[in-house]
Enquirer: 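If you scroll down you'll find the structure; I have some questions about it.
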Amino acid sequence: MSYKLIKKDRKTDARCGVLATLHGDVETPVFMPVGTQATVKTLSNADLLDSGINVILSNTYHLYLRPGEEILRKAGGLHDFCGWKGPILTDSGGFQVFSLATLMKISEKGAGFSSHIDGSKHFLSPEDVIRLQVSFGSDIMMPLDECVHYPCAKDRAADSLRITQRWAERSIQKKGECAKPGQLLFGIIQGSTYLDLRKEAAQHLTGLDFDGYAIGGVSVGEQAELIYEITEHTIRYMPEDKPRYLMGVGMPQDIFHAVSMGIDMFDCVVPTRNGRSGTAFTKSGKLPLRNTGFSSQFEPIDKECTCYTCRNHTRAYIRHLYNTDEILGLRLVSLHNIHFYAKLMINIREAIIEGRFAEFKEEFLGRYNGK
């Protein structure tokens with residue numbers, strides 16, 4: 001077993017655990033910064049480690065296009081290529097195929113598409129996606145799935161789900177043929193906003209005995225309340241002895257709600273994307289540091305924060321960097337935000353272990369302005 005349940009909260013379904021991977025253990029609940037193209041934008045590996053991050057996410061679609069499988073093979077795999085020594089989860093790229101690329105054709109065989117970079121034509125089968133991730137040396141792999149847009153008609157969602165289910169069966173078979181011992185493969189539960197389809201998908205995938213299970217196809221335009229409803233419903237059919245991953249969800253308030261339902265893993269571009277736009281996360285909410293009002297505030301982003309940015313720089317200086325188009329501003333706020341998220345997850349884990357998660361959640365959300 002790769003996952004060990006450590007502690008459950010006494011008032012909610014929140015839980016702590018440890019996920020064992022080839023490149024080290026991951027304590028859950030955990031937030032995984034998105035390093036789509038083998039880098040978390042503007043940040044070095046040392047920045048991530050200093051912030052308390054030990055697992056990152058990359059993307060098979062992007063790595064397949066650039067630098068390509070051959071370069072990564074010659075480099076010795078994704079870890080050696082980017083210099084990250086800890087665990088890496090690679091998303092299958094299914095979402096990017098259907099949202100970023102120009103889709104040519106979906107069939108039982110797989111997905112044909114034109115690259116968003118140069119228009120070149122490509123085809124990836126479920127087996128191709130597993131083979132690529134095995135060759136990358138991914139610690140946690142995700143199978144090819146179809147992520148439909150929101151809103152989506154039920155018959156369209158059902159047809160898509162059937163293909164995703166058959167692709168999942170082929171993916172787990174391919175993993176058995178070529179994966180290294182210890183490489184993990186999670187199943188992705190789809191079904192759009194239809195709860196009966198979500199139940200069907202979860203029950204089908206749990207019968208295939210994946211190493212973990214992810215809820216996909218959320219955070220694609222629907223309201224937060226609908227994401228909560230889908231998550232709360234779907235998690236009923238997800239096994240307790242496997243890690244549970246909510247894909248693409250990452251606002252602090254959403255993390256708290258999902259953790260209280262029993263979710264273990266999160267990823268999102270929110271902290272770094274907001275960092276690059278000059279928005280910092282604090283315990284009270286977001287600070288739009290580009291605004292004129294910060295031009296004479298000679299205090300750190302957060303007086304209680306111990307990140308490099310808050311120890312060394314003021315809001316006024318950071319606002320000046322953005323105002324003068326200096327790249328350092330993007331880096332400093334991204335660094336702060338990643339530190340904020342890492343510390344938040346540490347505090348959540350401690351609260352669960354100490355039996356006070358419900359109180360901690362209430363306290364945090366009581367002062368946090370999520371707008």
Side-chain angles (χ1 to χ4, degrees), residues 1-5 16-40 45 48 53-64 72 77-82 84-96 126-145 147 164 167-168 171-190 205-206 208-216 238-239 241-250 258 263-269 345:
M1 297 294 293
S2 59
Y3 176 76
K4 181 180 180 181
L5 179 62
C16 274
V18 177
L19 175 62
T21 79
L22 291 176
H23 287 84
D25 291 345
V26 177
E27 294 181 332
T28 64
V30 66
F31 179 84
M32 301 176 289
V34 176
T36 299
Q37 302 186 92
T39 177
V40 177
N45 292 337
L48 299 174
I53 297 296
N54 79 326
V55 55
I56 62 173
L57 177 145
S58 198
N59 187 276
T60 302
Y61 166 85
H62 287 283
L63 295 175
Y64 162 74
L72 287 172
L78 181 56
H79 291 81
D80 287 344
F81 183 66
C82 69
W84 177 256
K85 306 303 182 185
I88 299 177
L89 182 150
T90 45
D91 193 2
S92 67
F95 177 78
Q96 284 71 30
E127 292 83 2
D128 291 332
V129 169
I130 298 301
R131 176 184 53 77
L132 285 166
Q133 292 176 90
V134 168
S135 70
F136 296 164
S138 305
D139 295 278
I140 305 171
M141 305 179 291
M142 307 301 294
L144 184 65
D145 64 326
C147 180
T164 293
W167 285 354
S171 297
I172 204 164
Q173 180 178 344
K174 184 64 177 178
K175 180 216 174 189
E177 295 172 357
C178 69
K180 302 171 186 175
Q183 282 188 301
L184 307 178
L185 177 63
F186 285 16
I188 303 178
I189 300 167
Q190 291 287 357
L205 289 180
T206 54
L208 298 178
D209 196 28
F210 282 89
D211 299 301
Y213 296 91
I215 299 175
M238 300 169 72
D241 62 347
K242 301 287 180 73
R244 303 159 173 170
Y245 170 24
L246 184 59
M247 304 181 74
V249 171
I263 292 294
D264 305 301
M265 302 170 66
F266 302 87
D267 81 277
C268 195
V269 298
M345 303 313 295

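FYI, side chains are in, hydrogens and waters are out, and symmetry mates aren't considered; it's all heavy atoms of this structure.
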Enquirer: Do the side chains of Val129 and Tyr61 get nearer than 4.5 Å, heavy atoms only?
Expert: no
Enquirer: Give the minimum heavy-atom separation between Cys268 and Phe31, together with the two atoms involved.
Expert: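 For Cys268 versus Phe31, the nearest heavy atoms are O-CZ, 3.4 Å.
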Enquirer: Any idea which heavy atoms bring Pro143 and Gly187 closest together, and the distance?
Expert: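 Reported closest heavy-atom pair: CG-CA, 4.4 Å.
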Enquirer: Quick one: pull up CG in Asp91 and CG in Asp267 and give me the separation to the nearest 0.5 Å.
Expert: 7.0 Å
Enquirer: Has Thr60 got a side-chain atom pairing as donor or acceptor with Gly93's backbone, closer than 3.5 angstrom?
Expert: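 Here the side-chain-to-backbone pair does not exist.
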Enquirer: Ignoring hydrogens and angles, tell me if any N or O in the side chain of Glu127 forms a donor-acceptor pair with the backbone of Ser171 under 3.5 Å.
Expert: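 The answer is no, because no donor-acceptor pair under 3.5 Å joins these two groups.
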Enquirer: Looking only at non-hydrogen atoms, find the nearest pair between Val26 and Asn54 and report the distance.
Expert: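 Residues Val26 and Asn54, closest heavy atoms: CA-ND2, 4.2 Å.
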Enquirer: My understanding is that only residues two or more places apart in sequence, or in another chain, count here; which of them pass side chain to side chain contact (heavy atoms under 4.5 Å, CB included) with Thr39?
Expert: none
Enquirer: Check Asp264 with Lys242, please: is the shortest side-chain N to carboxylate O separation under 4.0 Å?
Expert: no
Enquirer: Taking side chain to side chain contact (heavy atoms under 4.5 Å, CB included) as the definition, give me every residue that meets it alongside Val269, ordered by chain and number, with sequence neighbours left out.
Expert: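 Scan of Val269 (side chain to side chain contact (heavy atoms under 4.5 Å, CB included), adjacent residues dropped) gives Val34, Arg273.
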Enquirer: Within the side chain of His79, is there an N or O that forms a donor-acceptor pair under 3.5 Å with the backbone of Gly86?
Expert: yes
Enquirer: Does a side-chain heavy-atom distance below 4.5 Å link Val40 with Asn45?
Expert: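 They are not in side-chain contact.
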Enquirer: With respect to Pro87, which candidate in Asp25, Leu22, Val55, Val30 satisfies the side-chain contact (heavy atoms from CB on, under 4.5 Å) definition?
Expert: Val55
Enquirer: So Val134 and Met141, do their side chains get closer than 4.5 Å, heavy atoms only?
Expert: yes
Enquirer: Please report the interatomic distance CD1(Ile140) to CG(Leu184), rounded to the nearest 0.5 Å.
Expert: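 Going from CD1 on Ile140 over to CG on Leu184, the span is 5.5 Å.
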Enquirer: Going from CD on Gln133 to OG1 on Thr90, what distance comes out if it is rounded to the nearest 0.5 angstrom?
Expert: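 Going from CD on Gln133 over to OG1 on Thr90, the span is 3.5 Å.
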Enquirer: Leu205 and Ala168: which non-hydrogen atoms are nearest, and at how many Å?
Expert: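 Result for this residue pair: CD2-CB, 3.6 Å.
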Enquirer: Can you confirm whether Ile88 sits close enough to Phe136 that some side-chain heavy atom of one is under 4.5 Å from a side-chain heavy atom of the other?
Expert: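 With C-beta onward as the side chain, the pair stays apart.
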Enquirer: Could you check whether any side-chain heavy atom of Cys16 comes within less than 4.5 Å of a side-chain heavy atom of Pro29, counting everything from C-beta outward?
Expert: yes
Enquirer: Would you confirm whether Gln183, through its side chain, and Ser138, through its main-chain N or O, come within 3.5 Å as a donor-acceptor pair?
Expert: yes
Enquirer: Does a side-chain heavy-atom distance below 4.5 Å link Ile130 with Leu185?
Expert: yes
Enquirer: What is the distance from atom SG of Cys147 to atom CD of Gln96, rounded to the nearest 0.5 Å?
Expert: 9.5 Å
Enquirer: Under the salt bridge (charged side-chain N to carboxylate O under 4.0 Å, His left out) rule, what do Asp139 and Lys180 come out as? Steps first, then yes or no, please.
Expert: CA-CA 10 Å; Asp139 295 278; Lys180 302 171 186 175; over 6 Å; no
Enquirer: Carefully, step by step, assess Trp84 and Leu48 under the rule side chain to side chain contact (heavy atoms under 4.5 Å, CB included).
Expert: CA-CA 10 Å; Trp84 177 256; Leu48 299 174; 3.9 Å; yes
Enquirer: Looking at every heavy atom in both Lys85 and Asp80, which two are closest together, and how far apart are they?
Expert: NZ-OD1, 4.5 Å
Enquirer: Assign the ring pair Tyr245 / Phe186 to parallel, tilted or perpendicular, where the plane angle (0 to 90°) is split at 30° and 60°.
Expert: perpendicular
Enquirer: Under the side chain to side chain contact (heavy atoms under 4.5 Å, CB included) test, which residues partner Thr164, sequence neighbours left out?
Expert: Asp145, Glu146, Ser160, Gln190
Enquirer: Compare all side-chain heavy atoms of Met265 with those of Met247 and state whether any distance is below 4.5 angstrom.
Expert: no
Enquirer: Measure the spacing between CG of Leu63 and CG of Leu132 and express it to the nearest 0.5 Å.
Expert: 9.0 Å
Enquirer: Could you check if a side-chain atom of Ser2 sits within less than 4.5 angstrom of a side-chain atom of Thr21, using non-hydrogen atoms only?
Expert: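 Ser2 vs Thr21: side chains apart.
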Enquirer: Which heavy atom of Tyr213 sits nearest a heavy atom of Thr206, and at what distance?
Expert: OH-CA, 3.3 Å
